[in-house]
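Single-structure report; data block below.
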Amino acid sequence: MEKQQKEFVLTKNNQPIKEICYQDMYLLNDTFDQIYSWKEVLAILNNFFNNRGVVPLNKKKILFKNKRIQ
């Protein structure tokens, strides 16, 4: 029988790259899903803080709205 010879992909420092297992791929997929779920919220926050120079903040109004939500 022939012996299978594994090919290694090497980095710039001639270090072999670690094999990626399925668990790591699922973890990466979950991480991407978590990041994607924040996309809309981050856009809203970005819009809010970009308008700070245009619209003066009424801190009392913001605090009152936050107390009603909680």
Residues joined to Leu28 in its hydrophobic cluster, side chain to side chain under 4.5 Å directly or through other members, sorted by chain and number, are Phe32
So salt bridge (Lys or Arg N to Asp or Glu O under 4.0 Å) across residues 22-46, not counting sequence neighbours, yields Lys18-Asp24
Among the clusters formed by ILVMFWY side chains lying less than 4.5 Å apart, do Leu45 and Trp38 turn up in the same one?
yes
